[in-house]
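Let me begin by presenting the structure, written as structure tokens, before commenting on it.
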2 protein chains.
Amino acid sequence: MQKTSPPVQDYLKTIYELTREGRPASTNAIAERLRLQPASVTGMLQRLAARQPPLVTYRKRHGVQLTPAGRRVALEVIRHHRLLETFLVEKLGFRWDEVHEEACRLEHVISERMEERIAAVLGDPLFDPHGAPIPRADLTLPQREELPLTQVPGGSRIRILRVPDDDPALLRRLDALQLRPGTEARIRTQSPLEAVVTLEVAGRPPIPLGYPVGALVFVEVLS
Amino acid sequence: MQKTSPPVQDYLKTIYELTREGRPASTNAIAERLRLQPASVTGMLQRLAARQPPLVTYRKRHGVQLTPAGRRVALEVIRHHRLLETFLVEKLGFRWDEVHEEACRLEHVISERMEERIAAVLGDPLFDPHGAPIPRADLTLPQREELPLTQVPGGSRIRILRVPDDDPALLRRLDALQLRPGTEARIRTQSPLEAVVTLEVAGRPPIPLGYPVGALVFVEVLS
DNA sequence: TACTCTATTTAGTCTAGACTAAATAGAGTA
DNA sequence: TACTCTATTTAGTCTAGACTAAATAGAGTA
């Protein structure tokens with residue numbers, strides 16, 4: 001297996017995320033996520049597909065998927081990222097809205113040895129501070145039932161499992177509202193037409209969340 | 001001040017080390033340290049001198065020196081490197097021969113915020129595990145008297161202050177011989193002609209060190 | 001004063017990964 | 001069946017930082 005550069009690792013990570021639901025990732029979607037021009041993405045996809053071994057399967061105008069080799073690289077980088085986020089919060093006193101950017105740079109340069117040491121001092125955590133699953137050393141992912149907040153029926157009691165990690169302003173806001181992994185709440189109203197879900201947390205004023213945000217908050221249904 | 005790339009930071013760090021004694025660093029010396037071709041170094045020196053602000057002063061065929069701006073970058077990177085080495089040993093359980101390479105990659109990507117956090121959890125250390133001085137946040141260096149082992153008269157009692165950090169095999173050997181910063185010893189013989197200095201550590205067999213190694217071990221003279 | 005050796009520089013090339021501008025495939029519409 | 005729109009690709013360019021091969025400056029020597 002050849003060494004991969006930071007840009008290559010970023011592409012693979014992005015493709016991994018965009019193909020979670022099984023469908024190929026489009027050139028434009030990748031370009032948007034990475035803030036690159038689509039033409040640059042096309043060039044890189046061709047190179048990724050031409051590598052030995054190929055890291056993606058690329059059908060012109062139909063998008064890309066990861067090969068097993070590409071998925072391994074992606075999961076390795078994601079493991080680094082989430083272990084680092086956890087480490088920065090737990091051991092270095094970072095706030096949870098500060099760690100994404102730092103982890104995005106460090107994830108490409110830490111050795112396997114360092115990955116192993118970080119995992120060890122953290123006690124091999126399975127979830128990062130935002131509730132995202134951390135791939136294990138063998139690259140398998142801890143599985144659990146999770147549903148976006150937008151798909152839970154009104155009236156349900158829920159526990160927050162996961163929030164997005166890449167928007168510092170949103171994270172500060174969620175923190176101020178005490179909406180963190182572990183927080184329990186009731187769905188006061190679920191209004192698809194208005195695209196708002198309203199949460200009620202133990203005796204505090206109701207919290208309305210628009211669907212663009214609600215779709216990124218994953219929860220488990222308690223009752 | 002423009003952002004500097006990892007290669008640029010490596011050049012500046014190397015030039016800093018090569019110019020410690022005040023004389024300009026030669027193209028070849030830099031090439032050798034960085035394992036690059038001299039022609040590549042010439043190209044980079046021209047670019048470093050042409051930057052705004054210039055990071056080096058470069059006189060064709062006479063070598064380079066750092067400008068104040070270049071020195072600041074070098075010291076910043078060296079601070080990162082030595083804080084990281086200390087952190088990896090103290091907090092992540094690395095051995096002292098494992099940390100140099102890891103620090104060489106991390107030093108280019110950690111944020112000022114992370115530098116600050118690492119320094120804080122370590123209690124703002126002034127020396128790294130190999131005894132090298134860590135530039136303070138204001139980039140001043142802790143000063144102390146130190147002499148290479150090769151320049152201490154025979155019979156002196158000494159304390160080891162500093163060993164080189166970049167040779168893992170040598171570090172393992174020194175560790176096995178219990179020659180670490182803090183170790184006290186007596187100079188049993190100092191033989192410039194044979195180029196050997198022999199140390200005696202509290203009731204253990206004498207340890208002969210050749211001058212190429214002895215010149216890299218810095219000590220303070222106790223008596 | 002010309003000669004030689006070594007360190008250094010110049011000239012030209014390559015690669016990865018970005019870019020812009022122009023071309024085009026294919027889906028959906030008139 | 002031709003037309004239009006959008007996503008995507010192609011073609012060509014740029015930059016940093018490496019390389020090799022050839023030229024040369026300057027120190028030291030004959």
Regarding [X] and [Y], does a basic nitrogen lie under 4.0 Å from an acidic carboxylate oxygen?
| X | Y | value |
| --- | --- | --- |
| A/Arg162 | A/Glu146 | yes |
| B/Arg82 | B/Glu107 | no |
| A/Arg33 | A/Glu17 | yes |
| A/Arg105 | A/Glu102 | yes |
| B/Glu115 | B/Arg79 | yes |

Original post:
Using a cut-off of less than 4.0 Å, is there contact between a side-chain N or O of A/Asn28 and OP1 or OP2 of D/dT6?
Top reply: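 No, no such contact exists.
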
Original post:
Think B/Lys60 has a side-chain N or O under 4.0 angstrom from the OP1 or OP2 of C/dA7?
Top reply: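 No.
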
Pairs: protein N or O with nucleotides 2-4 of chain C N or O, under 3.5 Å:
none

Can you identify which nucleotide, out of [options], has its nearest atom closest to the [X] side chain?
| X | options | value |
| --- | --- | --- |
| B/Ser26 | C/dA18, C/dT8, D/dT8 | C/dT8 |
| A/Pro7 | D/dT8, D/dG26, C/dG17 | C/dG17 |
| B/Tyr11 | D/dT8, C/dG17, D/dA18 | D/dA18 |

In whole angstroms, how far is the [atom2] atom of [N] from the [atom1] atom of [X]?
| X | N | atom1 | atom2 | answer |
| --- | --- | --- | --- | --- |
| A/Leu34 | C/dA18 | CG | P | 8 Å |
| B/His108 | D/dA16 | NE2 | P | 18 Å |
| B/Leu12 | D/dG17 | CG | P | 11 Å |
| A/Glu32 | D/dT8 | CD | P | 11 Å |
| B/Leu18 | C/dA7 | CG | C1' | 16 Å |
| A/His62 | D/dT8 | NE2 | C1' | 11 Å |

Subject >> Under 3.5 Å on both distances, the Watson-Crick or G-U partner of D/dC3 >> reply: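 Pair assignment: D/dC3 / C/dG28.
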
Subject >> Partner nucleotide, any strand, of D/dG17 [Watson-Crick/G-U, under 3.5 Å] >> reply: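 Paired with C/dC14.
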
Original post:
So, does the side chain of A/Arg61 form a donor-acceptor pair with the base of C/dT24 at under 3.5 Å?
Top reply: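 Indeed, a donor on one side and an acceptor on the other fall under 3.5 Å apart.
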
Original post:
Near DNA chain D, under 4.0 Å by heavy atom, which residues of residues 36-59 of chain A?
Top reply: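 Residues of residues 36-59 of chain A under 4.0 Å from DNA chain D: A/Pro38, A/Ala39, A/Thr42, A/Gln46, A/Tyr58.
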
**OP:** Check side-chain hydrogen bond (donor to acceptor under 3.5 Å, both in side chains) between B/Gln151 and all other residues, then give those that pass, not counting sequence neighbours.
**Re:**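 So B/Gln151 forms no side-chain hydrogen bond (donor to acceptor under 3.5 Å, both in side chains) with any residue.
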
Subject >> Test: A/Arg144 cationic atom under 6.0 Å from A/Phe127 six-membered ring centre, within 45° of axis >> reply: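 Because its charged atom sits under 6.0 Å from the ring centre and within 45° of the axis, A/Arg144 does stack over A/Phe127.
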
**OP:** Establish, yes or no, whether the cationic atom of A/Arg71 lies under 6.0 Å from the six-membered ring centre of A/Tyr16 and within 45° of the ring axis.
**Re:**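 No, A/Arg71 does not lie over the aromatic ring of A/Tyr16.
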
Original post:
Between B/His108 and B/Asp10, do the side chains contain an N or O donor and an N or O acceptor separated by less than 3.5 Å?
Top reply: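 On atom types as modelled, these side chains qualify, holding a pair under 3.5 Å.
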
